Structures are given as C-alpha cells and as structure tokens.
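What follows is a set of notes on a single structure, which appears directly below.
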Amino acid sequence: WDLRALRCSFSAACECDFRPDVRGLECDLALNLVGQHLVRQLVVKGVREFLQNHDPVKPLVMSFHGWTGTGKTYVSSMLVRYLFRDGVRSPYVHQFSPIVHFPHAEQIEQYKENLKSWIQGNLTNCGRSVFLFDEMDKMHPGLIDVIIPFLGPSWVVYGTNYRKAIFIFISNGGGEQINRMVLDLWYARKDREEISLQDLESAVSEAVFENPNNGFWKSGIIEEHLIDLLVPFLPLKQHHVKQCVVNELTQQGLTVQQDIIQAVADSIPYFPEEERVFSSTGCKTVSSRVTFFS
Ligand SMILES: Nc1ncnc2c1ncn2[C@@H]1O[C@H](COP(=O)(O)OP(=O)(O)OP(=O)(O)O)[C@@H](O)[C@H]1O
C-alpha cells in the first residue's frame, strides 16, 4: 500500500475521490453512446488533454448542445462517473438547474451573489470540482456571467488551483440549427457522419448568443471565447433508436426480441413527418416504452 491509498481508505478528501479513468470513459462511450461520433471524439480528446496537463492555464469548459433525448445528460453523468469514485454522488460534483436553484426572476441579484460565493467556496474546498449547469436555455440571461472570472486564466482563489476544475453547460439551445443542418445533409443524400464540428460551431454559438430567452444571451462567456469545447449532439435516426432499445433490454435483463425492438422504434415520433428519418425525442422515452412493450 502506498501512502495515498492508506490515507484515502480513511478519507473522502477531494484528491481521494478524484480517480480519472479516461480509457474507461472511452470504452464506455464507444460501447454505449449511440450515433454521436463528434461527441465521443471531442469529449475524450478534450478531457484526456486537459488531465494530462498538470498546470492548465484555465479550467476545462464544455458546452453540450442538442435536441431532447440525444444523450447530453447521459454523457455528462458518464463522464463524472469516470472522474470521481462516487460519480454524481461525489461531494465535489455540483449540479445546477435553473428551475430548482434559480426559479424567481426578481431574485436574480441574490442568485448572482450566491452562485459566485458557492463556486468560490467549492473551488477552495476542491480544485478538481465539476460544475454542471443543466437547462442553460431556461437560465435567466445575465446570471451565468457572474462565473466568468472562474472560467478564464486570470482569477486567483487562495489555497487552490481553480484552473483544474471542469465546467459543463447543457442546453437544447442550437438544437434546431443542428437538426436543420443534419436534415439538409440528408436531403443532399450525404451521411450525417460527414458533418464536422466546424460545420456546426458558429451556427450554434450564434443561435444561443442571439436568443434573448437563452442563458447565454449576449453572454461574455461566448463573446470572450471561454468555452473550450462546444459539443453538438446530432439527432438520432431510427436505427440508433433500435440500438437504444437493445441497450435498454439488456440493461433491464430482458431478452432481446426483434418484435419488441420494432414495436418500440415504430411507436416513436420522427421528423420530417412524412419520411420519418430522425427521432423527435431521441432515445428519451425508450426506457418507458420498453417496459410497456415487454
Ligand atoms: N446517444 C445516445 N446513446 C445511448 N443512449 C441514449 C442516447 N441518447 C439518449 N439516450 C438514452 O436516453 C436517455 C435520455 O437521454 P438524456 O437524458 O441524456 O437526453 P438529453 O439530451 O439530456 O435530453 P434533454 O435535453 O431533454 O434533457 C438516457 O438516459 C439514455 O438512456
């Protein structure tokens, strides 16, 4: 036993809980994440490079964008599981949801204060903290800019290296633009796998920056290019949905039956309405439908 292992057997300290396994993450994504080639490449490469750097100049800031049910929450939970021994239950993983934590528009100034001191306190406690901001498209515009000083290379928090933290923003913002581009490719008889990040990045940034109902509206986070990785989640096709059904059946310990796979896939709404190519709800309702059809 080395000293660290001995100490960590008695302690839940930050450096004990932080057990990154990028190889494991890579395998899990390859095996279980359906139809998101860009996500897999970007997240694995981004996280690996960030963790290999022992003195990063800024925290890793990722922003996940895409239509409902395409895997944004799924990937963020998986990532956290491969970073911390206790996964999403780790005391160093912090999740914010505007509906739960910032429900009242009139209290925005108070929320700003709270958010800033909350982040600073948690970073002082653990420089390796992960902060997840869910449903950014429902966040009051202006609120998120209060964390700008923590995202860039300038801020000093005594007693800790805040630059080792990871921030993840999740939003449906830009989802329509992503879907439209993928649909246009399909009309042009091109494969959705041909799409690159460059094709999508500016359209998504613009869409969230210009939308007054999005938490990133006119945000300095976008303007000052503080997002290191913009991660687009593409709409899923019918064969991806079928793969989700197989995963779900296996996970629930049920027999993988073709008639159930087909029944679940057929019951899901698709767009365009006539051609039924892309799932309107991704794989979101697959789990409950599997229960229904089994
Ligand atoms: N690409 C995917 N590969 C495998 N499973 C997926 C994928 N997308 C979604 N799922 C399944 O569907 C469930 C719901 O997906 P998830 O919550 O990640 O969607 P989301 O993109 O966060 O949606 P929303 O924007 O509505 O929050 C997941 O728990 C997972 O089981």
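We count ligands from 1, going down the list as the structure has it; atoms in each ligand are counted the same way. Everything numeric in this text was worked out from a predicted model, so none of it was measured. Residue numbers start at 1 and run along the sequence shown.
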Is there side-chain contact between Leu229 and Val43, with at least one heavy-atom pair below 4.5 Å?
-> no
Between ligand 1 and the protein, give all atom pairs where both partners are nitrogen or oxygen and the distance is under 3.5 Å, as lines of names plus distance to 0.1 Å.
{"unit_1": "ligand 1", "atom_1": "1 (N)", "unit_2": "Val34", "atom_2": "O", "d": "2.8"}
{"unit_1": "ligand 1", "atom_1": "1 (N)", "unit_2": "Thr70", "atom_2": "O", "d": "3.2"}
{"unit_1": "ligand 1", "atom_1": "3 (N)", "unit_2": "Val34", "atom_2": "N", "d": "2.8"}
{"unit_1": "ligand 1", "atom_1": "8 (N)", "unit_2": "Gly69", "atom_2": "O", "d": "3.2"}
{"unit_1": "ligand 1", "atom_1": "8 (N)", "unit_2": "Thr70", "atom_2": "O", "d": "3.3"}
{"unit_1": "ligand 1", "atom_1": "8 (N)", "unit_2": "Gly71", "atom_2": "N", "d": "3.1"}
{"unit_1": "ligand 1", "atom_1": "12 (O)", "unit_2": "Cys283", "atom_2": "O", "d": "3.2"}
{"unit_1": "ligand 1", "atom_1": "18 (O)", "unit_2": "Lys72", "atom_2": "N", "d": "3.4"}
{"unit_1": "ligand 1", "atom_1": "18 (O)", "unit_2": "Thr73", "atom_2": "N", "d": "3.2"}
{"unit_1": "ligand 1", "atom_1": "18 (O)", "unit_2": "Tyr74", "atom_2": "N", "d": "2.8"}
{"unit_1": "ligand 1", "atom_1": "21 (O)", "unit_2": "Thr70", "atom_2": "N", "d": "3.2"}
{"unit_1": "ligand 1", "atom_1": "21 (O)", "unit_2": "Gly71", "atom_2": "N", "d": "3.2"}
{"unit_1": "ligand 1", "atom_1": "21 (O)", "unit_2": "Lys72", "atom_2": "N", "d": "3.0"}
{"unit_1": "ligand 1", "atom_1": "21 (O)", "unit_2": "Lys72", "atom_2": "NZ", "d": "2.7"}
{"unit_1": "ligand 1", "atom_1": "22 (O)", "unit_2": "Thr73", "atom_2": "N", "d": "3.0"}
{"unit_1": "ligand 1", "atom_1": "22 (O)", "unit_2": "Thr73", "atom_2": "OG1", "d": "2.6"}
{"unit_1": "ligand 1", "atom_1": "23 (O)", "unit_2": "Gly69", "atom_2": "N", "d": "2.9"}
{"unit_1": "ligand 1", "atom_1": "25 (O)", "unit_2": "Lys72", "atom_2": "NZ", "d": "2.8"}
{"unit_1": "ligand 1", "atom_1": "25 (O)", "unit_2": "Asn172", "atom_2": "ND2", "d": "2.8"}
{"unit_1": "ligand 1", "atom_1": "26 (O)", "unit_2": "Thr68", "atom_2": "OG1", "d": "2.5"}
{"unit_1": "ligand 1", "atom_1": "26 (O)", "unit_2": "Lys284", "atom_2": "NZ", "d": "2.4"}

Assign the ring pair Phe18 / Phe84 to parallel, tilted or perpendicular, where the plane angle (0 to 90°) is split at 30° and 60°.
-> perpendicular
Got a sec, which residues hit salt bridge (charged side-chain N to carboxylate O under 4.0 Å, His left out) with Arg180, two or more places apart in sequence or on another chain?
-> none
Which residues share a salt bridge (charged side-chain N to carboxylate O under 4.0 Å, His left out) with Glu135, sequence neighbours left out | Lys138
Phe64 and Phe233: aromatic ring centres closer than 6.0 Å?
-> yes
Can you name the ring pair (Phe, Tyr, Trp, His ring centres under 6.0 Å) partners of Tyr111, sequence neighbours left out?
-> Phe102
